[in-house]
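Whatever order the structure lists them in is the order used to number ligands and atoms, beginning at 1. Small disclaimer: the values here were computed from a predicted structure and weren't measured.
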Amino acid sequence: MSSDNKDKKPTRSSHSYGKLDKDGFIHRSWMKSEGLPDDAFDGRPVIGICNTWSELTPCNAHLREIAEYVKRGVWEAGGLPLEFPVMSLGETQMRPTAMLFRNLVSMDVEESIRGNPIDGVVLLGGCDKTTPAQLMGAASVDLPTMVISSGPMLNGKHCGSDIGSGTDVWKFSEDVRAGKMPLKDFLKAETGMSRTPGTCMTMGSASTFACLVEAMGLSLPFNGTIPAVDASRRSMAHLTGRRMVDLVREDRKLSSYLTRECLENAIRVLAAIGGSTNAVLHLLAIAGRLGLDLSIDDFDEFTRDVPLLVNLQPSGKYLMEDFHYAGGVPFVLKTLGSLIKTDFETVSGKTIGEIAQEAEGYNADVLHTLDKPVKKNAGIWVLRGNLCPNGALIKPSAASDELLTHEARAVVFQNIEDMKARLDDPDLEVDENSILVLKGCGPKGYPGMPEVGNMPLPQKLLEKGVRDMVRISDARMSGTAFGTVILHVSPEAEAGGPLAFVETGDMIRLDGPARSLDVLVSEEEMARRKAKWPGPETAPKYTRGYYKLYIDHVLQADEGADLDFLVGSSGSEVLRESH
Ligand code: FES
């Protein structure tokens, strides 16, 4: 043992690497096949690098390289870095939806951390569901933990303009359907949109969560915004490796940073950056793993007085690269001032207040002030009513102000296939005032709660120039999408929620400012329809494997859509020896 590590408190990994018997021999000997010297097992902190690298997750495809920089820092600080893969989730590649597998990845992460002889873990994730899944799993084990995100791609470029991941796909696609954009231009934009490694460079779900991780103090400053290809992200990875060794030596567990206070800050920052509604599900699920008391109503409460400060697509104009150069999350924290809690420590060793104090802003059109926000209505509105007794969400910053209060006739689609078959039918009885309703897209219903809540508008209305309508579903929406879209209706139709009993022709009333959403049908009539309901459509199709486990155990959206038996934590203890 080196003199540096000999006198320190035994690490968790010493249980495996510190024994001079047969067990210790086995644990060390096979690791030495990787070329590790004797003193790699001298009691130094063993830092796991939990990597969601995959060529099938293009947003995370550079994370193998980032891991090498983490290792530099860990070695330099006297630790032993050991990188391990976990299942990855490419949002644009996986079917039926990456969200179906978020909880599966969280199980992989949890058991990989707990079962291995590691003392702390650096989580390398980025694409939408990877970071939340990693944090859920890590929270259930609760070792010292830090996060490094993939970082956003550089701004997209097309025909002399900046274009944004996702957001411009939805716009261009509607333009093609409306006959305003030639197909050849649409296809040309594919290459210009995704020019570098990294996550979507709009304020989509990945950027949202990377920024929230930073605001919660679980990463070093600027984790949310440094572009994926910028050398600063590599040096940040190096510094993270160094700092991670300190956190193990200081025995600073994830739960000592990830507190109710830091979740409240995250919710406020979510509003200020115009972040994705997906963050609601993820923060609820993470809170559940740590036993922290958080509900969807907290999202409405803590965002009520926070305006939209960051002028980024889809709620605004700019892209993540611009956000970074303008001052990033630290300047948003500074601007929020007394609206956030500043006295809690982050993994960097500084408090949120100290990080905010050092921040500078460089572009007032990208990062606005509380006096002159991008939009006054920001955050997440939580709606309730007879259509969504357990809640539904709307992101007002991405909606049309004039539609936030609206009463109209419903045009109902039973499921996504029904919508695709009938939406563009010239005979569909629909006009610009109608409310489109989509069922069967909740956690159990699809299954996996796909991002289809921003359903396309009927072609005949697009051709008339209509660009937004009220849409209601039990689905999610990509963080890159926009529109007056009511999401996460709970309970979902598949679970027998009132949404299952809405019919075309029913009148629906949305009163956003009053936070209400009701179908104007009598209780007696809804009860009559319920009595005739044939029951779940999706569950009978899946009789085995992870799909069945998921459908049988997934919680509803208002509870974070975790699996019921994963709520809570088991800690880091392993009860039995391996041999
Ligand atoms: Fe991976 Fe957007 S698709 S971050």
Side-chain angles (χ1 to χ4, degrees), residues 51-64 66 86-102 105 123-135 147-156 162-173 189-214 219 223-230 233 270 273-279 281-282 312-315 319-321 323-324 395 398 448-454 475-482:
N51 204 339
T52 53
W53 168 88
S54 166
E55 286 181 344
L56 283 164
T57 308
C59 318
N60 296 8
H62 58 303
L63 289 181
R64 283 265 24 257
I66 295 288
V86 287
M87 183 181 177
S88 192
L89 301 175
E91 190 70 27
T92 54
Q93 309 300 311
M94 291 203 78
R95 296 188 299 155
T97 166
M99 179 66 183
L100 174 63
F101 305 107
R102 181 199 66 176
V105 174
L123 307 175
L124 264 57
C127 196
D128 295 15
K129 309 302 172 296
T130 53
T131 311
Q134 287 178 301
L135 270 173
V147 179
I148 300 181
S149 302
S150 296
M153 298 177 199
L154 294 182
N155 290 0
D162 279 4
I163 55 172
S165 314
T167 306
D168 277 310
V169 182
W170 321 131
K171 281 195 183 129
F172 293 167
S173 159
E190 276 179 20
T191 313
M193 185 166 285
S194 310
R195 301 190 298 131
T196 71
T199 47
C200 295
M201 84 311 262
T202 44
M203 188 50 79
S205 300
S207 291
T208 297
F209 219 74
C211 291
L212 297 190
V213 158
E214 184 182 338
S219 71
N223 172 68
T225 56
I226 297 171
V229 294
D230 194 311
R233 186 157 292 278
L270 176 66
I273 63 177
S276 164
T277 44
N278 281 325
L281 292 167
H282 303 325
L312 244 63
Q313 293 185 27
S315 299
L319 297 168
M320 288 299 288
E321 216 185 317
F323 182 15
H324 181 60
K395 180 174 160 184
M449 214 181 169
E451 293 183 332
V452 295
N454 55 318
R476 294 179 299 120
M477 171 172 88
S478 165
T480 62
F482 50 89

J.: Can you list, by chain and residue number, every protein residue with a non-hydrogen atom closer than 4.0 Å to ligand 1?
T.: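 Under the 4.0 Å cut-off, ligand 1 touches Cys59, Glu91, Thr92, Cys127, Asp128, Thr199, Cys200, Ala206.
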J.: Is there a donor-acceptor pair closer than 3.5 Å between any side-chain N or O of Thr52 and the backbone N or O of Leu124?
T.: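 Confirmed, Thr52 side chain pairs with Leu124 backbone.
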J.: Kindly list each side-chain donor-acceptor pair under 3.5 angstrom involving residues 190-198, sequence neighbours excluded, with atom names and distances?
T.:
unit_1, atom_1, unit_2, atom_2, d
Arg195, NE, Asn155, O, 2.8
Arg195, NH2, Asn155, O, 2.8
Thr196, OG1, Leu154, N, 3.1

J.: Can you find a heavy atom in the side chain of Ser207 that is under 4.5 Å from one in the side chain of Phe323?
T.: no
J.: Using the test ring-ring contact (aromatic ring centres under 6.0 Å, His included), find all partners of His324 that sit at least two apart in sequence or belong to another chain.
T.: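 Testing His324 for ring-ring contact (aromatic ring centres under 6.0 Å, His included), a comparison that skips the adjacent residues, returns Phe222.
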J.: Can Ser54 and Ser88 be counted as having a side-chain donor-acceptor contact under 3.5 angstrom?
T.: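 There is no such pair (donor and acceptor under 3.5 Å, judged by atom type) between the side chains of Ser54 and Ser88.
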J.: Do any pairs count as a salt bridge (charged side-chain N to carboxylate O under 4.0 Å, His left out) and have a residue in residues 123-134, sequence neighbours left out, and if so which ones?
T.: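 Residue pairs passing salt bridge (charged side-chain N to carboxylate O under 4.0 Å, His left out), neighbours aside: Glu91-Lys129, Lys129-Glu451.
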